[in-house]
2 protein chains.
Amino acid sequence: MLTIGDVARASGLPTKTVRYYADIGLVQPDARSQSGYRLYSDTEVRKLIFVRRARAFGFSVEECRELLDLYGNRDRPSRDVKNLALQRIAEIERKMLELEMLHKELSHLADACRGDDRPDCPILSNLADDSVSPTGS
Amino acid sequence: MLTIGDVARASGLPTKTVRYYADIGLVQPDARSQSGYRLYSDTEVRKLIFVRRARAFGFSVEECRELLDLYGNRDRPSRDVKNLALQRIAEIERKMLELEMLHKELSHLADACRGDDRPDCPILSNLADDSVSPTGS
DNA sequence: TGTAATCCTTCCAGCTACTGGAAGGTCAAG
DNA sequence: CTTGACCTTCCAGTAGCTGGAAGGATTACA
């Protein structure tokens, strides 16, 4: 059993955030010690890592809750789970494209600064390529 | 010259947000009409698209400001610009890896639901592969 | 066995980045 | 000349943390 500091280190989240997630019932500790310390198992650490990743890519806490639910709720029909997962996957693929564009833009800027003469505004040329539709999430 | 609704559509941001960015001086309108309407040019639209993307991937408004500054500030030494850009690129590459892991996880879940028997907890196997270090942004 | 350092707890205030709504002015179309 | 879709400011509220105070628990070491 791990204390909050341990799971914070293991999950890459601040203790404050882990405590907050416990408070809102997103990822709750397995148990409490006699003195009131939150105690976690590996399962919770994995959930927290999952949440950290999902949050970092714009999924709301409520969406994370729903995704975590997919794994926990035995009564839910399989196709519901699949549908929700597929929706999220499509969203992630859109995000991947956007991330690539951002990467291209900044790479272009960095390249343009190879010597010591910075061009006027490299962003404009690259940003014109707005083939990716907005995510809106 | 475009009004706020036009730039909102063109940039993929809500008008509210465009107005907010103007208020905090992140992306300001080119001018105001006689009646007080905010008027934007293409340059601002491009900046807004850039900001939308950067924000969607966890860059703070202040970081966006700094990045936009790279293009605008003529007095800044070229290596500063390059350094900041390279730092951000490294960050983006880390984010790309994390996004891929999230993608893998959800794909795995969706695959597991192909039939109608959902496995106990597919997340656990996939989440164990935590080779990517936390971003921390 | 004491004590210092480093945990942990709760509670509450504050922050970032929006977001919704009210009250009201502007503008193009019919 | 009014209807409807714009735009304006202002102010309050929300999501998701985040920092700090006050105090108890645990460990490590003399």
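No experiment lies behind these values; they were computed from the predicted model shown.
Across every non-hydrogen atom of S11(A) and L48(A), the tightest pair is CB-CB, 3.8 Å. Between G58(A) and E63(A), the shortest heavy-atom distance links the atoms O-OE1, 4.2 Å.
If you measure from atom CZ of R19(A) to atom P of dT18(D), you get 13 Å, rounded to the nearest angstrom. Distance D23(A) CG to dC17(D) P: 12 Å, rounded to the nearest Å. Summarising the geometry, the separation between CD on E63(A) and P on dA15(D) is reported as 14 Å, rounded to the nearest angstrom. Rounding to whole angstrom units, CE of residue M1(A) and P of dC8(C) are separated by 16 Å. The interatomic distance linking Y21(A) (OH) with dT18(D) (C1') rounds to 12 Å, in whole Å. In this structure, L26(A) places its CG atom 14 Å from P of dA15(D), rounding to the nearest Å. Note: CG (L39(A)) to P (dA25(D)) measures 15 Å, nearest angstrom. With rounding to whole Å, Q34(A) atom CD is found 15 Å from dC8(C) atom C1'.
Contacts of I24(A) with the nucleic acid, taken as non-hydrogen atoms under 4.0 Å apart, are absent. Looking at heavy-atom distances under 4.0 Å, S60(A) makes contact with sugar-phosphate atoms alone, never a base.
Side chains of R38(A) and T3(A) form no contact here, defined as non-hydrogen atoms less than 4.5 Å apart. Put simply, the side chain of F57(A) reaches to within 4.5 Å of the side chain of L102(B), judged on heavy atoms.
The side chain of S35(B) places no N or O atom within less than 4.0 Å of a non-bridging phosphate oxygen (OP1 or OP2) of dG25(C). Regarding contacts with the backbone of dT19(C), a side-chain N or O of T17(B) is found under 4.0 angstrom from either OP1 or OP2. Close to dT16(C), at under 4.0 Å from its OP1 or OP2, lies no side-chain N or O of Y20(B). Remark: R38(B) is not in phosphate contact with dC7(D), judged by side-chain N or O atoms under 4.0 Å from OP1 or OP2. A sub-4.0 Å separation between OP1 or OP2 of dC8(C) and a side-chain N or O of S33(A) is absent.
When each of E98(A), E91(A), M96(A) is paired with R94(A), the side chain to side chain contact (heavy atoms under 4.5 Å, CB included) condition holds for E91(A) and for no other.
Taking only distance into account, the side chain of Y37(B) meets the base of dG25(C) through a donor-acceptor pair shorter than 3.5 Å. Taking only distance into account, the side chain of K16(A) never meets the base of dG16(D) through a donor-acceptor pair shorter than 3.5 Å.
Picking from dG16(D), dA17(C), dC6(D) the nucleotide with the shortest atom distance to the side chain of R55(A) gives dG16(D). When each of dC7(D), dT19(C), dT10(C) is scored by its nearest atom to the side-chain atoms of P14(B), the top-ranked nucleotide is dT19(C).
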